[in-house]
Amino acid sequence: MDRDIIKKYARLIVRTGANVQKGQGVVINAAVDQYEFVNYLTEEAYEAGAGWVSPEWRSQDITILNNRYQTVEALSLVPKWREEKMQYWVDENPCRISILSEDPDGLSHIDKDKMQISQVNIYKVLKKYYDAMENKHQWTVAAVPSEKWAAKVFPGESAETAVEKLWEAILKTVYIDGENDAEERWKIHNRTFEDRCAKLNSMDIKYLHYKNGLGTDLKVGLIPRAKWMGGGETALNGVFFNPNLPTEEIFTTPMRGMAEGRVVASKPLSWQGHIIKDFYIDFKNGKVCSAVAEKGREALEKMISMDEGASYIGELALIPFNSPIADTGILFYETLFDENASCHIALGSGFSNALPGYEDMSKEDALKAGINDSMIHVDFMIGTEDLQITAFTGEGKNILIFKNGNWSI
């Protein structure tokens with residue numbers, strides 16, 4: 001891929017995604033083999049006025065080795081310096097950039113019990129820091145190709161060709177080519193969400209009913225006056241940013257404990273290096289009561305049992321079946337992209353900023369209002385060509401908002 005185009009993408013992530021402010025710190029989380037792209041991000045961040053840039057490296061290979069040789073106790077260890085670093089982030093309020101690139105099922109053979117137990121133990125220690133940072137700073141998630149990921153998306157191609165094709169697909173989804181002004185295109189793109197969100201927010205929806213021929217038949221209650229949102233958002237520090245590059249979704253947070261029925265996944269899910277496919281989940285009294293998968297059932301069960309909130313819904317997202325990403329015809333095996341090609345639901349944590357007046361709410365206030373809390377937030381895709389979604393309003397109206405997989409309002 002042309003170096004100038006890649007640098008243009010790095011600039012988009014820094015300025016439109018994270019919207020780095022002058023003097024602000026920047027934390028970049030990426031795989032070790034993406035050091036060259038992290039160099040581009042670092043330079044762009046400093047050009048935008050960043051006060052400091054700190055990379056946080058990760059490696060699936062090292063994760064596998066740690067899982068193989070360390071005890072659960074060792075894997076669960078949170079050294080004092082890590083807590084001090086988290087507290088520094090709380091105090092300094094840096095923006096965070098996460099770059100995805102891993103092999104979608106690269107961790108499929110690790111000890112899943114070790115993974116789950118250690119992650120839960122670590123989260124218990126660090127949760128207070130994550131809660132303290134919530135909604136207060138900008139963050140963005142984007143992706144760059146790796147050979148293993150590209151091979152999964154384009155099997156049968158040479159490594160070079162597969163990576164090039166994946167680069168082309170990624171850049172297309174974020175409106176980058178050799179001619180247009182990508183940053184200006186994103187300003188226009190953000191404005192397209194406004195009218196749809198305003199219409200949904202005016203409807204006083206009490207609950208949604210999802211139904212399709214795949215077997216989905218699910219009713220989900222909404223939090224009174226909770227907002228539908230889409231595109232960019234504004235952090236409590238007053239800075240507008242785009243959390244996901246790309247994005248096509250309009251979403252809200254439902255009422256914890258109000259979900260009944262079955263939802264069937266329409267695409268495979270890649271979760272923490274495991275592929276889960278051909279699965280469905282049943283809900284009763286808002287909580288998962290059963291989950292079945294043809295592939296990755298153990299990973300699905302581990303995911304749902306990460307903590308109490310992992311078995312409740314944290315997000316409902318609406319994306320037309322004929323969205324730009326769906327129209328590429330590519331299954332990315334990466335939720336950042338696949339979730340924007342299909343209506344989806346997320347298990348786990350909800351978004352407190354969907355609540356009116358969230359700026360003045362404590363964490364406890366948000367939970368009382370119906371926001372779900374969890375250490376996970378995992379989106380899985382449910383959109384199909386025949387999906388129907390009916391909104392039941394406070395005025396007693398039944399409004400078909402999705403018909404044949406696409407918007408009908």
Side-chain angles (χ1 to χ4, degrees), residues 1-20 24 26-50 52-60 95-104 106 138-154 157-190 232 241-248 324-325 328 330-338 340-341:
M1 180 54 61
D2 181 83
R3 180 174 177 270
D4 289 338
I5 295 293
I6 294 176
K7 291 186 72 174
K8 189 175 182 180
Y9 181 39
R11 178 184 173 91
L12 180 74
I13 292 169
V14 166
R15 295 181 180 266
T16 297
N19 194 7
V20 175
Q24 188 176 28
V26 180
V27 177
I28 303 174
N29 190 289
V32 292
D33 59 331
Q34 300 300 337
Y35 63 89
E36 185 175 5
F37 189 73
V38 172
N39 286 344
Y40 293 144
L41 287 173
T42 300
E43 183 173 10
E44 290 294 341
Y46 281 125
E47 289 289 334
W52 53 266
V53 179
S54 177
E56 296 282 313
W57 301 106
R58 62 181 190 268
S59 164
Q60 280 191 337
C95 61
R96 291 184 294 149
I97 297 173
S98 294
I99 301 300
L100 308 177
S101 64
E102 278 83 359
D103 181 354
Q138 316 97 274
W139 57 274
T140 194
V141 181
V144 297
S146 66
E147 287 190 4
K148 290 182 178 179
W149 178 22
K152 184 75 175 180
V153 179
F154 298 106
E157 300 282 5
S158 69
E160 182 179 358
T161 299
V163 168
E164 186 71 12
K165 283 187 172 183
L166 188 52
W167 261 123
E168 292 172 356
I170 289 172
L171 295 176
K172 182 177 181 180
T173 67
V174 295
Y175 308 115
I176 286 183
D177 58 31
E179 300 178 2
N180 69 37
D181 183 338
E183 293 175 58
E184 185 60 33
R185 281 291 304 275
W186 270 87
K187 291 178 182 178
I188 296 171
H189 186 50
N190 277 322
F241 68 103
N242 282 276
N244 291 341
L245 301 178
T247 187
E248 300 292 339
I325 297 176
T328 66
I330 296 173
L331 179 60
F332 286 88
Y333 293 97
E334 170 50 62
T335 300
L336 176 64
F337 297 90
D338 293 334
N340 284 296

Side chain of [X], backbone of [Y]: donor and acceptor closer than 3.5 Å?
{"X": "Asp338", "Y": "Tyr333", "result": "yes"}
{"X": "Glu44", "Y": "Ile13", "result": "no"}
{"X": "Glu56", "Y": "Val27", "result": "no"}
{"X": "Gln138", "Y": "Asn19", "result": "yes"}
{"X": "Thr328", "Y": "Ile325", "result": "yes"}
{"X": "Thr173", "Y": "Ile170", "result": "yes"}

Could you give the distance from [atom1] ([X]) to [atom2] ([Y]), rounded to the nearest 0.5 Å?
{"X": "Lys8", "Y": "Glu183", "atom1": "NZ", "atom2": "CD", "value": "9.0 Å"}
{"X": "Asp2", "Y": "Lys7", "atom1": "CG", "atom2": "NZ", "value": "11.0 Å"}
{"X": "Lys152", "Y": "Leu331", "atom1": "NZ", "atom2": "CG", "value": "9.0 Å"}
{"X": "Ile28", "Y": "Ser98", "atom1": "CD1", "atom2": "OG", "value": "10.0 Å"}

Could you check whether any side-chain heavy atom of [X] comes within less than 4.5 Å of a side-chain heavy atom of [Y], counting everything from C-beta outward?
{"X": "Phe154", "Y": "Ile330", "value": "yes"}
{"X": "Pro246", "Y": "Leu336", "value": "yes"}
{"X": "Ile99", "Y": "Val38", "value": "no"}
{"X": "Phe332", "Y": "Leu166", "value": "yes"}
{"X": "Glu168", "Y": "Met1", "value": "yes"}
{"X": "Asn242", "Y": "Asn190", "value": "yes"}
{"X": "Tyr40", "Y": "Ile6", "value": "yes"}
{"X": "Phe337", "Y": "Leu100", "value": "no"}

Cationic N near anionic O, under 4.0 Å, Glu102 to Arg58: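 Looking at Arg58 together with Glu102, the answer is yes, because their closest N to O distance falls below 4.0 Å.
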Electrostatic pair Glu47-Arg11, nearest N-O below 4.0 angstrom: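 Salt bridge absent between Glu47 and Arg11.
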Heavy-atom pair of closest approach, residues [X] and [Y]:
{"X": "Cys95", "Y": "Ala18", "result": "SG-CB, 4.2 Å"}
{"X": "Ala31", "Y": "Ser101", "result": "CB-OG, 3.7 Å"}
{"X": "Leu245", "Y": "Gly17", "result": "CD1-CA, 4.0 Å"}
{"X": "Thr247", "Y": "Asn340", "result": "CA-OD1, 3.3 Å"}
{"X": "Tyr9", "Y": "Ala142", "result": "OH-CB, 3.5 Å"}
{"X": "Trp52", "Y": "Ser54", "result": "CZ3-CB, 3.7 Å"}

Under the salt bridge (Lys or Arg N to Asp or Glu O under 4.0 Å) test, residues paired with Lys165 that sit two or more places apart: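 Partners of Lys165 under the salt bridge (Lys or Arg N to Asp or Glu O under 4.0 Å) test: Glu157.
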Listed once per pair and sorted, the side-chain hydrogen bond (donor to acceptor under 3.5 Å, both in side chains) pairs that draw on residues 140-150, sequence neighbours left out: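 Residue pairs with at least one partner in residues 140-150: there are none.
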Step-by-step side chain to side chain contact (heavy atoms under 4.5 Å, CB included) determination, Trp186 to Leu12: CA-CA 9 Å; Trp186 270 87; Leu12 180 74; 3.8 Å; yes
Residue pair Asn29, Arg96: steps toward the side chain to side chain contact (heavy atoms under 4.5 Å, CB included) verdict: CA-CA 8 Å; Asn29 190 289; Arg96 291 184 294 149; over 6 Å; no
